[in-house]
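We number each residue from 1, following the sequence as shown.
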Amino acid sequence: MNKRGTGVLFCAIGAFLYASGYIAPGILNSSYHTPRLTTPVIISVIVGILYLIWAEKSKEK
């Protein structure tokens, strides 16, 4: 997998983790609140953005 694909994958993982914190209570019960996965979301989105920047920088050369 190339760097651009890896960056998009990490951003998608971050979006999935963020959405799962809202979808799970909606499916199970509105009074049940799952803990928000803020740290994994932030880390995966940052890694994804860094991969995308790296892919664009290496493309210029």
Exercise for review: Identify the heavy atoms of Ser44 and Gly14 that sit nearest to each other, and give their distance.
Suggested key: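 Minimum heavy-atom contact is OG-CA, 3.1 Å.
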Practice item. Determine the minimum heavy-atom distance between Val41 and Tyr18, stating which atoms define it. Key: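 Scanning both residues, the minimum pair turns out to be CG2-N, 3.6 Å.
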Check your understanding: Hey, any chance Leu52 and Ile13 share a hydrophobic cluster, counting ILVMFWY side chains that come within less than 4.5 Å of each other, even indirectly?
Key ->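 Unlinked, Leu52 and Ile13 end up in two clusters.
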Check your understanding: Which residue, Val47, Ile49, Ile43, forms the side chain to side chain contact (heavy atoms under 4.5 Å, CB included) with Val45?
Key ->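 Exactly one candidate clears the test, Ile49.
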Point to revise | Listed partners of Ile46 passing side chain to side chain contact (heavy atoms under 4.5 Å, CB included), at least two apart | key: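 Applying side chain to side chain contact (heavy atoms under 4.5 Å, CB included) to Ile46 gives Ile42, Leu50.
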Exercise for review: Please test Arg4 against Glu56 for side-chain contact (heavy atoms from CB on, under 4.5 Å), starting from the C-alpha separation and ending with a verdict.
Suggested key: CA-CA 8 Å; Arg4 194 169 286 125; Glu56 290 300 316; 2.8 Å; yes
